[in-house]
Colleague: 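Here you go, one structure.
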Amino acid sequence: MTVDPTPIDPTRALAPRFAAALEAAFGAEYRDTDPLLQWSDRADLQANCSLGLAKRIGEKNPRAVAERLVAKLDASDIVERFEIAGPGFINITIKSEWLAAQLSERLGDARMGVAPTAAPETVVIDYSSPNVAKEMHVGHLRSTVIGDCLARLLEWQGHAVHRQNHVGDWGTPFGMLIEHLLDLGETRAIEELGVGELNSFYRAARVKFEESDAFKDRARKRVVALQAGDQETLRLWKILVDESTAYFDAVYKKLDVTLKPSHIAGESFYNPWLQSVVDELEEKKLSELSDGAVCVFPPGFVSKEKKPLPLIVRKSDDGFGYPATDLAAVRYRTQTLKATRMLYVVGAPQAQHFAMVFAVAKMAGWLAAPARAEHVGFGSVLGTDKQIYRTRSGETVRLVDLIDAAYDRSLEIVRENSTHIPEDEQREIAKAVGNAAIKYADLSSDRVKDYVFDLDRMVKPVGDTGVYLLYAHARSRSILRKVEKEHGLKAPEAGARLLIEHASEKRLVLQISKLASVLDEVTTVLAPHKLCGYLFDLSVRFNDFWNQCPVLQSEGDTRLSRLALVRATADTLKLGLSLLGISAPDRM
RNA sequence: GCGCAAUUAGCUCAGUUGGAUAGAGCGUCGGCCUCCGGAGCCGAAGGUCACAGGUUCGACUCCUGUAUUGCGCGCCA
C-alpha cells in the first residue's frame, strides 16, 4: 500500500480533467491549453482560460466558451460546482469531502504528502563566503541565511546538494596579516582570533601596512613567499585559516545554519588549477593578451564607448585574479562534482561579474547543458535611514553583535510572556525566537531588493514576523498536548475521519493543500519569500479557525476531526519553518 | 556617458503566465475575554500602482520615453 504521490493540491488534481475537457470541447489541439487555474478570493479556485480561448476559436462570447468547457468537465468527485462569472471566468468550489479525504490520507506523514522530486539533480550552492581573519558582518548575513534556506529546500526535495563555502582565504592581504601575526606572537594572535576579535586584528594589520614602509615591504615579501609555497609561511597562514574556521563555525551554530567546516572550499582550494584554466583558454583560442594581461572578451559585454569588456583571467604581473578562481570553480563543480545546477548566493552588485564568468565558462565548454549556473543575487541591508546599515559611529555591524542583540530582545519577550516555563528552557526558546526573527525578516521579502533591517520590528511578536509564526505553531502544539493529558487522546493518524463543516476549516485545509505547489515554485524561481508568505497565511487562517472552532469544547467526531486539522497545521508549520532554517519550539 | 536594478497606503512589504473590486503587516481609530494560550481575532479609515505615451476585449504586470534612488563599468575580492 503506497501513498498516492499526487499532492493534495486541487489545482493539480484538476489539471488532467481540464485537459480532457478541452479536448472534448474544442478538439485535440486544445488539449495542452493551460487552463490558467488560480486560487481565487471569489471561490476556491478559478480558471481563466476561456477569454484567451475565445479569441483562438473565433468565438465572440467568452462566456459561451466557458459554458462549452464546463459542459465537458468530468470532475464531480472533486468539484462541488462550477460557476461562470463576469466575462467568462470559471469559478470553482471544491468538495469539502474530497479535501478531507486527501488530507486524512496524508496525516502524520513527515513530508505532508509531498513526494521527492522525480528528477533529482546534483546541485552546488555557493553561499556565506566570509573572509579569513576578517569579521563577518551584515553583508554575510543575507548570503548565509538565503543560501542555507535554499540548501535545505533542495535537499529536502531530494536533490544531492553540495554546500560550498567560498571563503576568502588567499590574496595580497595575507602578507600583512601574517606579518602582523608574527609581530603579536603566535600565542597572543591565536588568543585574539580565538575570541573573535577579528576586526581589531585586521584593522591593526591594515594600519601598520598603511603607515609603515618597512612593514609594507615585509608584507609584500611575505605574499611572494606564500605564493611560492614556503613551508613556514604556509604554516602561519594555516593558523589564520584554522582560527577563522573555528570562529565561522561558532557563528553558524549560533545562527542555526547547516554549514560545517567540511563545506569550506575557499579561494586557495582552486590554486592548483588556475594555470590550467589559463592554458585551456589559450589552447581554445578564447583569450588574448591585452596590456600584458590575459583576457577573455565574452560577446555582448561592452563598457563605456562600446569597448568590449574583458574578464581578466591573469593580471599583467602574472597574478591570478578572482575571475580565474571563479572559472576554476565552475569547471571543478561541473566536471568533478558533476553538478548540473549551480547557485551563487552573492550580492546583486556582482551580477555583471557572474554573467561574464558564466559566459566565458560556456565558451570554454565547462558549463554545457544540462548544467547551468544561476546568480542568486540579493539586495543590500539598509538601516532605518535607508542607508547601508552601519553602527551609529559609522562602522560596519558585526554579525555576532546582531545575533546577540536579537537574542537579548527575544529573551526579554520570552521572560515577559512565558513565566510558566523554567529559565533554562526560556533561553532555548529565546534562541529560536531570535533566529526566527532575523531569518524571517531576511527571507520574507523579495531577495533581489534592498531590505531595511529594523530589529525593533522583527522581534515583535505581532504582525508578519517569524515570532508570530512560532506562536501559531506553539498554540497548535499546546492543544495537542492538552488533549492528550486531559482526555487521553492522541493526535489523529492517517485515515482519521475528517469533517470540514465550518468555513474557517475549509479555508485552513485549502491553505494546507497548497504546500506542494508553493514549494515547487519556491525552488524553481529561488524565492524563499513565497514560502514565508504561505506560512504567514497559514498561521492567520489557523488563528481564525482557533477563534471560531473550539476543539477541546467540542465532542465526538467533530473534536477528533478538529484535532486532525490542528495536527496537520502544526506539522505543516513545523516543516515549512524548518525548510526556512527556523526551528519551532513546542511551547513558548 | 553606458549598463543593471528599484519606485505600489503615513511606514515596511506582497501582488502567480496580462484577468473581475490592487492585498497584507505596522501605526491610527473602534470592537471581541462565563471562550482550548489576548504573543490572538474582527471592523474602519488610508491608493492617480513615480510620470507621460503605446500595445489590447482587458495593464501594477508587456513596450518606448522621462524623473528619482541605488549599484556596476581593465588588472581589489
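What you are looking at is a predicted structure, and each value in this text was computed from that prediction instead of being measured. Below, read A as the first sequence line, B as the second, and so on, with proteins coming before strands; counting in each chain starts at 1.
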Colleague: Listing request: all side chain to side chain donor-acceptor pair (under 3.5 Å) pairs with a residue in residues 50-65 of chain A, at least two apart in sequence or in separate chains.
Modeller: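 Qualifying pairs, neighbours excluded: Thr33(A)-Arg56(A).
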
Colleague: Salt bridge between Arg427(A) and Glu425(A), side-chain N to carboxylate O under 4.0 Å?
Modeller: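 Between Glu425(A) and Arg427(A) there is no salt bridge, as every charged N stays at least 4.0 Å from the carboxylate O atoms.
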
Colleague: Side-chain donor-acceptor pair under 3.5 Å between Asp169(A) and Ser268(A), yes or no?
Modeller: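 Note: Asp169(A) and Ser268(A) side chains meet the donor-acceptor criterion.
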
Colleague: Between rC36(B), rA39(B), rG19(B), which nucleotide gets closest to the side-chain atoms of Met588(A)?
Modeller: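 For Met588(A), the side-chain atoms sit closest to rA39(B).
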
Colleague: In terms of side-chain geometry, is the basic nitrogen of Lys530(A) or Asp446(A) positioned less than 4.0 Å from the acidic oxygen of its partner?
Modeller: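 Asp446(A) and Lys530(A): not salt-bridged.
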
Colleague: One character per nucleotide, please: for nucleotides 8-15 of chain B, 5' to 3', B when the base has a protein heavy atom closer than 4.0 Å, S when only the sugar-phosphate does, - otherwise.
Modeller: ---SSSSS

Colleague: Suppose you measure atom C1' in rA14(B) against the same atom in rC76(B); what distance do you get, rounded to whole Å?
Modeller: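 Straight-line distance between the two C1' atoms is 38 Å.
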
Colleague: Can we say Lys506(A) and Asp44(A) salt-bridge, meaning some charged N sits less than 4.0 Å from an Asp/Glu carboxylate O?
Modeller: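 Here Lys506(A) pairs with Asp44(A) in a salt bridge, since their nearest N and O are under 4.0 Å apart.
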
Colleague: Is it true that Glu505(A) and Arg562(A) make a salt bridge, defined as a side-chain N closer than 4.0 Å to a carboxylate O?
Modeller: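 Result for this pair is yes, salt bridge flagged.
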
Colleague: Please list, pair by pair, any protein nitrogen or oxygen found under 3.5 Å from a nitrogen or oxygen in nucleotides 74-77 of chain B.
Modeller:
{"unit_1": "rC75(B)", "atom_1": "O2", "unit_2": "Ser316(A)", "atom_2": "N", "d": "2.8"}
{"unit_1": "rC75(B)", "atom_1": "O2", "unit_2": "Ser316(A)", "atom_2": "OG", "d": "3.4"}
{"unit_1": "rC75(B)", "atom_1": "N3", "unit_2": "Ser316(A)", "atom_2": "OG", "d": "3.3"}
{"unit_1": "rC75(B)", "atom_1": "N4", "unit_2": "Asp291(A)", "atom_2": "O", "d": "3.0"}
{"unit_1": "rA77(B)", "atom_1": "O3'", "unit_2": "Glu267(A)", "atom_2": "OE1", "d": "3.2"}
{"unit_1": "rA77(B)", "atom_1": "O3'", "unit_2": "Glu267(A)", "atom_2": "OE2", "d": "2.3"}
{"unit_1": "rA77(B)", "atom_1": "N7", "unit_2": "Tyr322(A)", "atom_2": "OH", "d": "3.2"}
{"unit_1": "rA77(B)", "atom_1": "N6", "unit_2": "Tyr322(A)", "atom_2": "OH", "d": "2.5"}

Colleague: Do any pairs count as a ring pair (Phe, Tyr, Trp, His ring centres under 6.0 Å) and have a residue in residues 432-466 of chain A, sequence neighbours left out, and if so which ones?
Modeller: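 Sorted pair list: Tyr389(A)-Phe453(A).
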
Colleague: Go through the structure and list residues passing side-chain contact (heavy atoms from CB on, under 4.5 Å) with Ala351(A), not counting sequence neighbours.
Modeller: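 Scan of Ala351(A) (side-chain contact (heavy atoms from CB on, under 4.5 Å), adjacent residues dropped) gives His375(A).
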
Colleague: Atom pairs under 3.5 Å, N or O on each side, protein against nucleotides 56-63 of chain B: can you list them with distances?
Modeller:
{"unit_1": "rC57(B)", "atom_1": "OP1", "unit_2": "Lys55(A)", "atom_2": "NZ", "d": "3.1"}

Colleague: Output the pairing pattern of RNA chain B as a dot-bracket string, 5' first, Watson-Crick or G-U wobble with both distances under 3.5 Å, | for cross-strand pairs, [ ] for crossing pairs.
Modeller: (((((((..((((.....[...)))).(((((.......))))).....(((((..]....))))))))))))....

Colleague: Collect all protein-nucleotide pairs involving nucleotides 43-47 of chain B in which both atoms are nitrogen or oxygen and the distance is under 3.5 Å.
Modeller:
none

Colleague: In residues 542-549 of chain A, which ones come under 4.0 Å of RNA chain B, going by heavy atoms?
Modeller: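 Asn543(A), Trp546(A), Asn547(A), Cys549(A), in order of number.
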
Colleague: By the side chain to side chain donor-acceptor pair (under 3.5 Å) test, which pairs, at least two apart or in different chains, include something from residues 535-545 of chain A?
Modeller: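 Sorted pair list: Tyr468(A)-Asn543(A), Arg475(A)-Asn543(A), Arg507(A)-Asp544(A), Asp544(A)-Gln548(A).
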
Colleague: Looking at residues at least two apart in the chain, or sitting in another chain, which of them share a ring-ring contact (aromatic ring centres under 6.0 Å, His included) with Tyr322(A)?
Modeller: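 For Tyr322(A) the ring-ring contact (aromatic ring centres under 6.0 Å, His included) partners, ignoring immediate neighbours, are His353(A).
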
Colleague: Using the salt bridge (Lys or Arg N to Asp or Glu O under 4.0 Å) criterion, which residues pair with Asp571(A)? Sequence neighbours excluded.
Modeller: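 Applying salt bridge (Lys or Arg N to Asp or Glu O under 4.0 Å) to Asp571(A) gives Arg477(A), Arg567(A).
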
